[in-house]
Number of protein chains: 2
Amino acid sequence: MARAATTSDAFNAIAEPRRRQIIGLLAHGERPVNEVVKKLRIAQPQVSKHLGVLEKVGLVTVREAGRQRFYKLNAKALKPIHDWVKTFERLWNERLDRLADYLNELQAQEKPK
Amino acid sequence: MARAATTSDAFNAIAEPRRRQIIGLLAHGERPVNEVVKKLRIAQPQVSKHLGVLEKVGLVTVREAGRQRFYKLNAKALKPIHDWVKTFERLWNERLDRLADYLNELQAQEKPK
DNA sequence: CGAATATATTCCCATATCGGAATACAACAA
DNA sequence: TTGTTGTATTCCGATATGGGAATATATTCG
């Protein structure tokens with residue numbers, strides 16, 4: 001087996017920095033492909049490919065209008081990621097961190113050089 | 001160029017489901033490799049490899065004790081991910097969602113079959 | 001020392017990736 | 001029709017993955 005497909009997961013899809021950029025841009029609202037190309041300065045074919053990945057995992061939806069395709073962010077698809085990371089939030093906010101630091105300081109003072 | 005290395009980023013590192021599992025386990029505290037092996041039922045070499053990746057991106061730290069190595073979660077390294085996803089939180093909480101749904105319903109009623 | 005235990009490393013393989021370049025396609029314009 | 005514009009698809013090559021299996025390394029035990 002190889003690495004999981006980028007299209008298998010929102011987790012895998014957002015591992016790509018450019019896809020995160022695209023998501024960031026689409027957060028301001030629906031956009032046609034060409035605008036993504038211009039704003040982010042990524043070649044058109046790659047933009048289409050990245051959008052394809054995002055669509056496959058449900059992170060964006062498309063609306064066709066003439067020869068343009070407007071891509072729209074479907075933020076809900078990011079929630080699983082948020083939920084997962086949030087689980088660990090307390091671990092980095094915890095005052096225990098400071099407490100530990102404090103205790104270390106105390107210990108350091110007890111054994112002055 | 002190929003896909004970015006799994007070791008290039010926390011984003012890339014957590015794309016792997018098993019690595020997320022490992023992180024989940026280590027959230028309860030420091031653990032030796034063998035306990036991860038037993039609890040998650042992943043072959044030992046793969047566990048060592050996954051832990052290696054997590055270490056490289058700073059998601060875990062190691063403490064050596066005799067022939068054991070205790071891996072500990074460094075939750076802070078997850079914060080960038082949290083921060084990024086959080087940016088979009090309002091987009092899925094937004095009541096605008098409900099408003100849109102409501103308006104659609106209205107429209108549907110105006111044009112009764 | 002030799003055996004056992006805990007963990008890491010190395011090889012191998014099937015599989016995808018991402019970017020670039022070229023090209024296909026569809027809608028619209030003249 | 002022919003040309004143009006907006007987007008998608010295909011082919012290429014370099015690269016790395018993750019699992020499995022075998023093996024290496026280090027520490028502890030008897």
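Per chain, numbering begins at 1; letters A, B, ... match sequence-line order.
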side-chain contact (heavy atoms from CB on, under 4.5 Å) between A:F88 and A:R90, worked out: CA-CA 6 Å; A:F88 309 97; A:R90 63 177 186 85; over 6 Å; no
A:W92/B:H82 under side-chain contact (heavy atoms from CB on, under 4.5 Å): CA gap, chis, key distance, verdict: CA-CA 11 Å; A:W92 69 72; B:H82 184 259; 3.6 Å; yes
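Side-chain contact between A:T6 and B:R3 is present, with heavy atoms from C-beta onward closer than 4.5 Å. Between B:V60 and B:L26, the closest side-chain pair of non-hydrogen atoms falls below 4.5 Å. At least one side-chain heavy atom of A:I14 sits less than 4.5 Å from a side-chain heavy atom of B:W84. Contact check for B:Y71 versus B:T61: no side-chain heavy atoms found under the 4.5 Å cut-off.
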Nucleic acid footprint by protein, nucleotides 4-9 of chain D - heavy-atom cut-off 4.0 Å, B for base, S for sugar-phosphate alone: BBSBBB
Listed pairs under 3.5 Å, donor-acceptor, residues 33-55 of chain B side chains, sequence neighbours left out:
{"residue": "B:E35", "atom": "OE2", "partner": "B:R31", "partner atom": "NE", "Å": "3.1"}
{"residue": "B:Q44", "atom": "NE2", "partner": "B:S48", "partner atom": "OG", "Å": "3.1"}
{"residue": "B:H50", "atom": "ND1", "partner": "B:R19", "partner atom": "NH1", "Å": "3.2"}

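D:dG18 atom P lies 5 Å from atom CD of B:E16, rounded to whole Å. Rounded to whole Å, atom P of D:dG18 lies 14 Å from atom CD of B:Q21.
Protein chain B contacts DNA chain C from C:dA4 to C:dC18, reading 5' to 3' and using non-hydrogen atoms of the protein with a distance under 4.0 Å.
Minimum heavy-atom separation, A:L59 to A:A13: CD1-CB, 4.2 Å.
Ranked by how close their nearest DNA chain C nucleotide is to the 5' end, A:H50 and A:A2 are led by A:A2.
In terms of the salt bridge (charged side-chain N to carboxylate O under 4.0 Å, His left out) criterion, residue partners of A:R20 (sequence neighbours excluded) are, by chain and number, B:D9. Not counting sequence neighbours, the partners of B:R63 by the salt bridge (charged side-chain N to carboxylate O under 4.0 Å, His left out) test are B:E30.
Contacts between residues 6-14 of chain B and DNA chain D, defined by a heavy-atom separation under 4.0 Å, are made by B:T6.
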